[in-house]
4 protein chains.
Amino acid sequence: MTLNRRQREKKERRSVFLMAAKAVFAEKGFDAATLDEIANRAEFSKGAIYGYFKDKDDLFISLIEEGLNKLSMIIRSVVESPLPPIEKIKELIKSVLAYFDENKEFFRIFTPERGGFTDKKHPRVAKRILPKWNDNIGFVTEVIKDGIEMGVFKNIDPTTLTNALFGLVQSSISRWIMEGRKGSLKRDAEVITTIFLDGAKLQ
Amino acid sequence: MTLNRRQREKKERRSVFLMAAKAVFAEKGFDAATLDEIANRAEFSKGAIYGYFKDKDDLFISLIEEGLNKLSMIIRSVVESPLPPIEKIKELIKSVLAYFDENKEFFRIFTPERGGFTDKKHPRVAKRILPKWNDNIGFVTEVIKDGIEMGVFKNIDPTTLTNALFGLVQSSISRWIMEGRKGSLKRDAEVITTIFLDGAKLQ
Amino acid sequence: MTLNRRQREKKERRSVFLMAAKAVFAEKGFDAATLDEIANRAEFSKGAIYGYFKDKDDLFISLIEEGLNKLSMIIRSVVESPLPPIEKIKELIKSVLAYFDENKEFFRIFTPERGGFTDKKHPRVAKRILPKWNDNIGFVTEVIKDGIEMGVFKNIDPTTLTNALFGLVQSSISRWIMEGRKGSLKRDAEVITTIFLDGAKLQ
Amino acid sequence: MTLNRRQREKKERRSVFLMAAKAVFAEKGFDAATLDEIANRAEFSKGAIYGYFKDKDDLFISLIEEGLNKLSMIIRSVVESPLPPIEKIKELIKSVLAYFDENKEFFRIFTPERGGFTDKKHPRVAKRILPKWNDNIGFVTEVIKDGIEMGVFKNIDPTTLTNALFGLVQSSISRWIMEGRKGSLKRDAEVITTIFLDGAKLQ
DNA sequence: CATGAATGAGGATTCATTCAT
DNA sequence: GATGAATGAATCCTCATTCAT
C-alpha cells in the first residue's frame, strides 16, 4: 500500500500528535492532561487535533493501542519462536523490559490508568483496550501451558502463573519509574527470571 | 479517651464521608470523582464535607492514609512476631491478601492512582502518602534482609526482592478485581508463596 | 432608664460583636469580611451573631450608625456652641480629625464603602446610612450659611463649600491611612484650616 | 502599527468586555459584580472573558489602568505645558473635572475601591494600581513645588497641598455622583479653583 | 441563649468541543 | 485543512443563614 504525499503527511501529523499526547498524558495523567497542552507541544492548534482523532478519548485510546500493538509484536515474535518454554520466558522478560526501557512513557500512561479502564468509567476505552491486553496475556499463557504439559513448570493454573509473571515485570517497572528512572531496567531482568523460575529461597 | 456525644457523632460522620468517598473514588478515580456524588452517597450536602476535610485532596489523602495505617499495623504485627523469616513471608502474603479481600475498594483506589502520586501532579498527595507506603516496604525489607543473613534467602538486593513480592501480591489483587471479584483472594496466597519461595520451575 | 443584669449583658455582648466586626470590616471590606472571622474575634459562635443582629447587613449598618452618631454629637456640640463661624470651622476640623484619629477603623470602613451605598447595591444600607450622613453635612452647612450672611465667607453656594471642606478633611484621612498611619492626623488640621480659609496662594 | 482583521477584532472585543465590566463594577462594586453579568452585558459567554483577561482581578485592574493612563496623559499634558504654576492648577482642575464628566463610571469604580487597595485585601491589585496613581500625584506635586519656589504658593509641604487639591476635586465628583449626576461637573471647577487658591474667607 | 453542624445557593474558573474564517 | 475564538457544561469551594441540641 503506497501512500501519496497527502496521505503521508496525514500519517506523519497524526504521529506528531500521538507523541505530544504521550508526553503530556505521561506527565499529567488522562484527566489532568489538556488538549491545549498537547496541541502546544505538537505545535498545532487545538482544533487540528479533531482532524485526526474523534475526541480526547480517541486520542488516548489510539496511543495505548499503538503501544500495545508494538508490545504484542514483541511478545508474539518470542512466543512463536522455536525456543523451549523456559527460554521463551527468559526471552520474554528480557524483551518486554527492554521495550519499556525504550518506551518509558507508554508504561507511565498505561499502568496507572489501567485500573480505571472499567465499564463504569470509560466504557469505550475499556472496550478497545482490554481485549488487546488480554491477547498479550493469552500468548504468554500458551507458553506456560506448553511448559506445564512438557513437565518443566509446576502444575499451577497457567493464567495464575502468567499473571504472577506480569506482576513481577510490572513491579520492576513501577519501582524504576517512581525512583526516578535511575539505571537500566534490563538490570532487573535477571532477578525476575531467577525468582520466577527458581524462587527466592535458597534450595 | 472517652468522647462525648458531639465528638462521637463527629467521628462517625467523618467515617460516613470516608466510606462514601471510598466507593466513589474506587469507581471513578480521583479526578473523575465529584464531591457532589460523594455528598449524595453520604446523604449529606456538598458543603458538609468541608466541615470534615480541608478539600478534595485532603479527603482523598485521608482515605489512603487510613487504609495504609491499617495495612501497616497488619504488616508490623507479622514482622514483629517471633517467627522465622520464611514463615513471616508466608504469613505476610496471607494476611495482606486477607486485608485486601476485606478492603477491596481501598486497593482499587490506591493502586491505579499510585503511579500518579508524583510531585508533578499532586505534590501534596505525594508528600503525605509516599512516606507511609515506603514504611511498609521497609518493614518487609527487614524480614528479607534477616533471611539473607540467616542464609535462607538468595543473596539478592533485599529491596528488589521485596518489590518483587509486592508485585506478585498486587497482580493477584488486580486480576481478582478486573475479573469481577469472583472467589476469594486467599486462594492465591498459596500460589504466590510457592512462586516467591520456590519458583515456577519444577526442580 | 436603668437596665437589669440581663439587659446589661446583652448590651455588652452586642458591643463585643460590634468591635469585632469593626476590626474585620476595616481590614477586609464588607464583602470579603466573613461572619466566621467576626465571630472568632468576638470569641462567640457564628450563630450567636443572629441573636443581636438581623443579618450581616444589619451588623454592618449598626456599626456605621454608631460611628456616625458619635460624629454627629461632636459636630453638633461645636455647631451649637456660641463661637463665631470661623472659629467653629477651625474647631470642627480639629475635632473631626481628632475623632478619626481615635477611631481610625471607622473611617477605614465608612469611606471606601460609602460610594457603594446606592439603591442598586444596598438599598437597605443606603436608606439607614445616608440620612445620617446628610444630617452632618447639614449642620456644617448652617455654620457656613451663617458665615456668609455675616459677611465672613465668600458668597458661594453653602452646600458646595461644605462639600469642599469635607473633601479636604477626607483626603487628609485617606492619605494618612494609605501611608500606613504614620504620625498624627492632628498635624493636618492646621493646613486644612489654612487652605479652606485662606487658600494656597500667597496673597 | 497596522493590525490585520483578527487583531482589530480582538482589540475591539477586549474593549467590549472592558465597557461591560466598567458598567457592572460601577454599579455593584468589585466583589458583588459577577462575571456572569459582565458577560451578559457584553453579549458573550462567561468563558470568553478568559480569552482576554487572566481572571476577574485582571479584568478589574485593566479597567483601572486604562482609566488612569488616560488621566495621566491629561495631567501630564497640562503639567508639561509652558504655563505658570497657578494657571497650570486652574487648567488641571478644569481638565480633570472634564475627564470625569465624560468618564463618570471610571470614577465610580476607582474611588470607592481605592481604600480597599491594600496589601491585605488585594495585593495584586495594589501592586499594579497604586504606582500609577502615585505618578499622577507626583506630577501635580511638581507643579506645586515650582509654585512654592517661585513664591506664588504658601510654603506648605507640597504633597500635603496636592493631596488637598485632589480632595477638593474628589469631593466635588462624589457629590455629583451621589446626587444623581445633575448638571455638569465643570460648574464646580471655578469654586474649587477659588477655594484652593484664595480660600473661603473673604479677605 | 449559645453552639456549631448542615445547608444550598452562588461564583470563579477550566476545558472539551464546535465552527466561522 | 488549520486556526483560535466562543461556548457552556461541569466542578470546586465559600459563606450567610438556619436549626436541633
Side-chain angles (χ1 to χ4, degrees), chain A residues 6 9-10 13 30-40 42-60, chain B residues 4-7 9-10 13-14 17 31-39 42-59, chain C residues 6 9-10 13 17 31-40 42-60, chain D residues 4-7 9-10 13-14 17 31-39 42-59:
Chain A
R6 265 276 159 75
E9 281 181 2
K10 176 133 193 167
R13 223 129 27 181
F30 179 78
D31 293 286
T34 69
L35 294 185
D36 254 313
E37 191 172 350
I38 293 170
N40 275 345
E43 300 191 290
F44 277 93
S45 77
K46 197 168 28 165
I49 294 176
Y50 289 83
Y52 299 86
F53 305 93
K54 196 181 153 300
D55 53 20
K56 192 187 181 186
D57 268 21
D58 184 44
L59 172 56
F60 182 75
Chain B
N4 59 27
R5 189 177 49 73
R6 265 273 159 77
Q7 293 169 312
E9 280 181 2
K10 181 130 194 166
R13 220 114 45 169
R14 193 185 142 93
F17 280 120
D31 293 288
T34 69
L35 293 183
D36 252 314
E37 189 171 351
I38 292 170
E43 299 191 289
F44 277 95
S45 76
K46 205 176 2 174
I49 295 176
Y50 290 84
Y52 298 86
F53 304 94
K54 201 184 149 299
D55 53 19
K56 193 186 180 184
D57 267 23
D58 184 45
L59 173 55
Chain C
R6 264 277 160 74
E9 280 180 4
K10 176 134 192 165
R13 227 138 14 191
F17 280 121
D31 292 286
T34 69
L35 293 185
D36 254 313
E37 192 173 349
I38 292 170
N40 274 345
E43 300 190 290
F44 277 93
S45 77
K46 195 167 31 163
I49 295 176
Y50 288 84
Y52 299 87
F53 305 93
K54 196 180 153 299
D55 53 20
K56 193 186 181 186
D57 268 22
D58 184 44
L59 173 57
F60 182 75
Chain D
N4 60 26
R5 188 177 48 74
R6 264 274 159 77
Q7 294 168 311
E9 280 180 3
K10 180 130 193 164
R13 220 114 46 169
R14 194 185 142 92
F17 280 120
D31 292 288
T34 70
L35 293 184
D36 252 314
E37 189 171 352
I38 292 171
E43 300 190 289
F44 278 94
S45 78
K46 207 177 359 174
I49 295 176
Y50 289 84
Y52 298 86
F53 305 93
K54 200 185 150 301
D55 53 19
K56 192 185 180 185
D57 267 23
D58 184 45
L59 173 56

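None of the values given here were measured: they were computed from a predicted structure.
- Partners of C:Phe44 by ring-ring contact (aromatic ring centres under 6.0 Å, His included), not counting sequence neighbours, listed by chain and number: C:Phe17.
- Between the CG atom of D:Asp36 and the P atom of F:dA9 there is a distance of 12 Å, given to the nearest Å.
- Both D:Phe17 and C:Lys56 lie near DNA chain F, and the one whose nearest nucleotide falls closer to the 5' end is D:Phe17.
- Using a 4.0 Å heavy-atom cutoff across all strands shown, B:Ala39 reaches no nucleic acid atom at all.
- Residues that satisfy the side-chain contact (heavy atoms from CB on, under 4.5 Å) test with D:Lys10, not counting sequence neighbours, are D:Tyr52.
- D:Leu35 has its side chain within reach of D:Tyr50: a pair of non-hydrogen atoms, C-beta onward, lies under 4.5 Å apart.
- From the 5' end on, the contacts that DNA chain E makes with chain A at under 4.0 Å to a non-hydrogen atom open and close at E:dC15 to E:dT18.
- The distance from atom NZ of C:Lys46 to atom CD1 of C:Ile38, rounded to the nearest 0.5 Å, is 11.0 Å.
- Summarising the geometry, the separation between CD on D:Glu43 and C1' on F:dT7 is reported as 15 Å, rounded to the nearest angstrom.
- Of all non-hydrogen atoms in A:Asp55 and A:Asp58, the two that sit nearest each other are OD1-N, 2.9 Å.
- Partners of A:Thr34 under the side-chain contact (heavy atoms from CB on, under 4.5 Å) rule, at least two apart in sequence or in another chain, are A:Asp36, A:Glu37.
- Of the residues in residues 44-54 of chain D, D:Phe44, D:Ser45, D:Gly47, D:Ala48, D:Tyr52 come within less than 4.0 Å of DNA chain F through at least one heavy atom, sorted by number.
- For the residue pair C:Ala39 and C:Ser45, the shortest heavy atom distance occurs at CB-C, 3.7 Å.
- Rounding to the nearest 0.5 Å gives a distance of 8.5 Å between CZ of B:Arg14 and CG of B:Leu59.
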Check your understanding: What dot-bracket string describes DNA chain E from 5' to 3', counting Watson-Crick and G-U wobble pairs whose defining distances are under 3.5 Å, with [ ] for crossing pairs and | for pairs to another strand?
Key -> .||||||||||||||||||||
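- In this structure, D:Arg14 reaches neither bases nor backbone, as no heavy-atom distance under 4.0 Å exists between it and the strands shown.
- Positionally, the nearest nucleotide of DNA chain F for D:Lys10 lies more toward the 5' end than for the other of B:Asp57 and D:Lys10.
- Note on C:Ala42: nothing from the nucleic acid sits closer than 4.0 angstrom, heavy atoms only.
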